[in-house]
Amino acid sequence: MADTTATTAERIPARYELYEYVSSIVFALAVVLLFFTFVFRTVSVVNISMQNTLHAGDRLILSHIGYTPKPGDIVVLSSSAVKDGPIVKRVIAIGGQTVNIDFETHKVYVNGIALTEHYIREPTSERGDVSFPVKVPPGHIFVMGDNRNNSYDSRYSAIGMIDDRNIVGHAIFRLFPLSKVGTLAR
């Protein structure tokens, strides 16, 4: 007498297995899409203002839910003063802090304390058209590029202090190029 009991895998037709496989892939893609739509975003760096920290073509992951800016953070901003899309800058000061730049010593001060800026490409000598010292209004940030002498930033009145509502996100991770994949430190 032959054994007529079949295992569960033998009773499920191949088309159902294929359906389960495809639906699992579609579900996973939908989760990833929702995740990157509502929790994280990606953006490409398009200019040289953040060299040597970031370069044109670098691809970044941004966190934007519940973000509160802190000095030293790298942020992506929307600005009507820039026509080629979002801009990437470093937060130098937040609302209530005072920024001063001594262009003879090339030092940036926040609340009278000189910043230790290991990330800048070269000492700050580009002045812009803003007079210093300047106090950052509440709900705003003062930003500068790491490539200080090739950065259009808060030293220019057309950019000025950035309203916190214009922060697209906090850059937390570099995806590309693969040789530089990793978190972005302060």
Asn47 and Tyr152: CA distance, side-chain angles, deciding distance, side-chain hydrogen bond (donor to acceptor under 3.5 Å, both in side chains) verdict: CA-CA 10 Å; Asn47 60 38; Tyr152 193 54; over 6 Å; no
Counting distance only, does the side-chain N/O of Ser63 pair as donor-acceptor with the main-chain N or O of His170 below 3.5 Å?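 Pair absent, no side-chain N/O of Ser63 close to backbone of His170.
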Any sub-3.5 Å donor-acceptor pair from Lys70's side-chain atoms to Thr68's backbone N or O?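 Yes, because the side chain of Lys70 sits within donor-acceptor range (under 3.5 Å) of the backbone of Thr68.
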Side-chain contact test, heavy atoms from C-beta onward, threshold under 4.5 Å: evaluate it for Phe173 versus Leu62 and give yes or no.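 Not touching, per the 4.5 Å side-chain cut-off.
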Are His106 and Glu122 packed together at the side-chain level, in the sense that at least one heavy-atom pair is separated by less than 4.5 angstrom?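 No. Closest side-chain heavy atoms not under 4.5 Å.
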Ser49 and Asn147: side chain donor to acceptor below 3.5 Å: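 Note: Ser49 and Asn147 side chains miss the donor-acceptor criterion.
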Mind checking whether Phe142 and Phe132 have parallel, tilted or perpendicular rings, split at 30° and 60°?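 Geometry flag for Phe132 against Phe142: perpendicular rings.
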Apply side-chain contact (heavy atoms from CB on, under 4.5 Å) to Val26 and list each qualifying residue two or more places apart in sequence or on a separate chain.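 Residues passing side-chain contact (heavy atoms from CB on, under 4.5 Å) with Val26: Val22.
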Residues two or more places apart in sequence or in another chain: which of them pass side-chain contact (heavy atoms from CB on, under 4.5 Å) with Arg59?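 Counting only residues at least two positions away or on another chain, Arg59 forms a side-chain contact (heavy atoms from CB on, under 4.5 Å) with Thr42, Ser44, Leu175, Phe176.
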Which heavy atom of [X] sits nearest a heavy atom of [Y], and at what distance?
X: Gly169; Y: His64; answer: CA-CB, 4.0 Å
X: Asn149; Y: Ser125; answer: OD1-N, 2.9 Å
X: Asp129; Y: Ser157; answer: OD1-N, 2.7 Å

Check Arg121, Gln51, Lys89, Glu126 against Ser151 for a side-chain hydrogen bond (donor to acceptor under 3.5 Å, both in side chains) and give me the one that passes.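 For Ser151, the side-chain hydrogen bond (donor to acceptor under 3.5 Å, both in side chains) test succeeds with only one of Arg121, Gln51, Lys89, Glu126, which is Lys89.
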Results of salt bridge (charged side-chain N to carboxylate O under 4.0 Å, His left out) for [X] - residues two or more places apart only:
X: Arg174; value: Asp58
X: Glu117; value: Arg148
X: Asp163; value: Arg165

Inter-residue atom distance [X].[atom1] - [Y].[atom2], 0.5 Å rounding:
X: Asn150; Y: Met50; atom1: CG; atom2: CE; value: 13.5 Å
X: Tyr109; Y: Leu115; atom1: OH; atom2: CG; value: 9.5 Å
X: Ile48; Y: His55; atom1: CD1; atom2: NE2; value: 9.5 Å

Sole candidate of Thr53, Leu54, Asn52 that passes side-chain contact (heavy atoms from CB on, under 4.5 Å) when paired with Tyr119: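 By the side-chain contact (heavy atoms from CB on, under 4.5 Å) criterion, Tyr119 pairs with just one of Thr53, Leu54, Asn52: Thr53.
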Kindly indicate, with the supporting measurements, whether the criterion side-chain contact (heavy atoms from CB on, under 4.5 Å) is fulfilled by Leu184 and Ile172. CA-CA 5 Å; Leu184 297 170; Ile172 57 173; over 6 Å; no
So Ile159 and Ile87, side-chain contact (heavy atoms from CB on, under 4.5 Å) or not? Walk me through it. CA-CA 11 Å; Ile159 297 283; Ile87 57 175; 4.3 Å; yes
Would you list the atom pairs, donor with acceptor, under 3.5 Å between side chains in residues 91-104 and any protein atom, with sequence neighbours excluded?
from   : atom 1 : to     : atom 2 : distance (Å)
Gln97  : OE1    : Ile94  : N      : 2.9
Asp102 : OD1    : Glu104 : N      : 2.9
Asp102 : OD1    : Thr105 : N      : 3.2
Asp102 : OD2    : Thr105 : OG1    : 3.4

Is there a side-chain contact (heavy atoms from CB on, under 4.5 Å) between Val88 and Leu77? Walk through the geometry before answering. CA-CA 6 Å; Val88 181; Leu77 312 162; over 6 Å; no
Checking salt bridge (charged side-chain N to carboxylate O under 4.0 Å, His left out) for the pair Asp146/Arg90: CA distance, chi angles, key distance, verdict? CA-CA 7 Å; Asp146 290 357; Arg90 187 174 299 273; 2.8 Å; yes
Apply the test side-chain contact (heavy atoms from CB on, under 4.5 Å) to residues Arg155 and Thr124: give CA-CA distance (whole Å), side-chain angles for both, the deciding distance (0.1 Å), then the verdict. CA-CA 11 Å; Arg155 293 172 289 171; Thr124 306; 3.7 Å; yes
